[in-house]
There are 2 protein chains.
Amino acid sequence: MSEVLREIGMIARAFDSISNIEFKELELTKGQYLYLVRICEQPGIIQEKLAEMIKVDRTTAARAIAKLELQGLIEKRSDPDNRKIKKLYPTAKGEEVYPFLKREADYSDQTALAGLSDEEIETLYKLLKRVRRNVEQDWEYVKKGNKRSY
Amino acid sequence: MSEVLREIGMIARAFDSISNIEFKELELTKGQYLYLVRICEQPGIIQEKLAEMIKVDRTTAARAIAKLELQGLIEKRSDPDNRKIKKLYPTAKGEEVYPFLKREADYSDQTALAGLSDEEIETLYKLLKRVRRNVEQDWEYVKKGNKRSY
DNA sequence: TCTATTTTGTTGTATTTACAACAAAATATC
DNA sequence: GATATTTTGTTGTAAATACAACAAAATAGA
């Protein structure tokens with residue numbers, strides 16, 4: 001059997017760890033960068049979708065976002081057409097830190113991919129996207145309380 | 001810029017989440033499976049190396065391992081030649097659960113890789129191993145308190 | 001239209017995670 | 001051989017994470 005997921009796990013934990021350390025100087029605590037980046041890229045997104053996107057528990061996302069709001073990095077806006085949802089937007093302060101987050105992410109990608117040709121990178125990226133799409137299905141299935149059989 | 005690491009993060013979180021849910025029926029709490037699997041595969045490994053391998057903080061590993069010991073799934077053995085280290089071994093009970101962990105991991109790999117040809121899987125695996133090796137260097141560098149410049 | 005289900009969000013609680021600081025043994029350096 | 005450094009392990013503390021349970025609005029189904 002292959003051990004693709006094991007490699008992926010190692011890479012993900014390592015880079016998450018690096019990012020968390022590096023973003024401390026922006027007063028961002030563990031995990032916060034994940035949410036802030038996506039809110040900057042997709043202003044107006046709601047909490048529920050964000051959690052799905054990041055693949056994190058809804059309640060974890062709720063608290064991370066609440067904290068970002070408290071820090072004045074994002075704001076929640078009620079939607080007049082739908083009283084249930086709260087759209088998320090970066091504040092000016094949030095927009096200010098975004099370039100730093102982006103630069104860090106780009107740098108990490110760059111070092112991660114060191115020694116790979118453009119073509120190899122492209123191949124890797126395409127394959128990963130396919131894997132991710134496979135994963136999404138299982139994740140939602142299990143998260144909803146269903147049981148996989150194997 | 002590519003977004004390879006973002007894809008990797010999504011996949012890793014999704015599968016970690018799935019595994020944690022599925023292993024609850026074995027009385028394994030969050031993250032424990034990671035350690036137990038590797039101790040079964042490399043009996044005699046020490047805590048420090050295990051943390052490096054998994055890419056998790058030393059103290060996190062320490063507590064996860066302490067708990068596995070408390071649950072009677074692994075045991076720590078002192079080494080007569082080196083009074084500092086403690087080698088880790090699965091107990092009979094630990095060995096018993098291993099096949100379940102393995103089966104789950106294999107199944108997850110299988111679903112993750114659904115629709116990819118054997119050749120694509122091989123390519124992906126090889127590329128990921130290269131990425132992981134790149135990552136290891138940065139991780140250790142940053143973990144030791146050094147600063148990356150970008 | 002009425003009711004059931006789904007979506008979205010929140011809060012209480014237990015647990016993991018990581019950083020900081022420490023200690024002791026082993027190894028390297030002089 | 002003495003001492004400085006690295007390796008390995010532990011504990012205190014703060015914070016994130018996830019599950020359970022709840023509530024309210026929106027949507028689907030009859």
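Each chain gets a letter, A, B and so on, in the order the sequences are listed, and its residues count up from 1. Atom set for the values below is all heavy atoms of this structure, side chains included, hydrogens, waters and symmetry mates excluded. Because the structure is a prediction, the values reported are computed rather than measured.
- Residue A:Arg83 places at least one side-chain N or O closer than 4.0 Å to OP1 or OP2 of D:dA26.
- A side-chain N or O of A:Glu41 and one of A:Tyr98 form a donor-acceptor pair less than 3.5 Å apart.
- Contact annotation for B:Asn82: backbone-only contact, meaning every heavy-atom pair under 4.0 Å involves sugar-phosphate atoms and none involves a base.
- Among the atoms of the strands shown, base atoms are found under 4.0 Å from some heavy atom of B:Thr59.
- At whole-Å resolution of the value, CD1 in B:Ile45 and C1' in D:dG9 are 15 Å apart.
- A donor and an acceptor atom sit less than 3.5 Å apart, one in the side chain of B:Lys84 and one in the base of D:dT7.
- Considering only side-chain N and O atoms, B:Lys144 lies nowhere under 4.0 angstrom from the phosphate OP1 or OP2 of D:dT6.
- Rounded to whole angstrom, the span from the CD atom of B:Glu48 across to the C1' atom of C:dA25 amounts to 13 Å.
- Whole-Å rounding puts the A:Leu28 CG to C:dC19 C1' distance at 17 Å.
- A:Ile54 places none of its side-chain heavy atoms less than 4.5 Å from the side chain of B:Met10.
- Heavy-atom minimum distance, B:Lys55 versus A:Ala14: CG-CB, 3.6 Å.
- One interatomic measurement links the two molecules: CZ of A:Arg58 to P of D:dA20, which rounds to 13 Å at whole-angstrom precision.
- Between the OH atom of A:Tyr33 and the C1' atom of D:dA16 there is a distance of 13 Å, rounded to whole Å.
- Between the NZ atom of B:Lys55 and the P atom of C:dT17 there is a distance of 16 Å, given to the nearest Å.
- Here the P atom of nucleotide C:dC19 and the CD atom of A:Glu22 are 12 Å apart, to the nearest Å.
- OP1 or OP2 of D:dT10 has at least one side-chain nitrogen or oxygen of B:Gln47 nearer than 4.0 Å.
- Taking the side chain of A:Val56 as heavy atoms from C-beta on, and the options D:dA18, D:dT17, C:dT10, the nearest nucleotide is D:dA18.
- Atom CD1 of B:Ile65 and atom C1' of C:dT16 are 14 Å apart (whole Å).
- Residue B:Lys67 places at least one side-chain N or O under 4.0 Å from the OP1 or OP2 atom of C:dT16.
- Remark: B:Lys30 is not in phosphate contact with D:dA16, judged by side-chain N or O atoms under 4.0 Å from OP1 or OP2.
- Within the 4.0 Å cut-off from OP1 or OP2 of D:dA16, not a single side-chain nitrogen or oxygen of A:Thr60 is found.
- In this model, a donor atom of one side chain and an acceptor atom of the other lie less than 3.5 Å apart for A:Asn20 and A:Asp16.
- The closest side-chain heavy-atom distance from B:Glu22 to A:Val142 is below 4.5 Å.
- An OP1 or OP2 oxygen of C:dT10 is reached within less than 4.0 angstrom by no side-chain nitrogen or oxygen of A:Arg63.
- In summary, the side chains of B:Lys67 and B:Thr29 do present a donor paired with an acceptor at a separation below 3.5 Å, with no hydrogens or angles considered.
- Checking the phosphate oxygens (OP1, OP2) of C:dT8, no side-chain nitrogen or oxygen of A:Lys86 falls inside 4.0 Å.
- Among the protein residues, A:Ile21 comes within range of the sugar-phosphate backbone only, with heavy atoms under 4.0 Å from sugar or phosphate atoms but none that close to a base.
- No contact: B:Lys87 has no heavy atom under 4.0 Å from any strand.
- In terms of phosphate contacts, B:Thr29 brings a side-chain nitrogen or oxygen within less than 4.0 Å of OP1 or OP2 of C:dT16.
- Comparing A:Lys76 and A:Asn20 by the nucleotide of DNA chain C that holds the closest heavy atom to each, the one mapping nearer the 5' end is A:Lys76.
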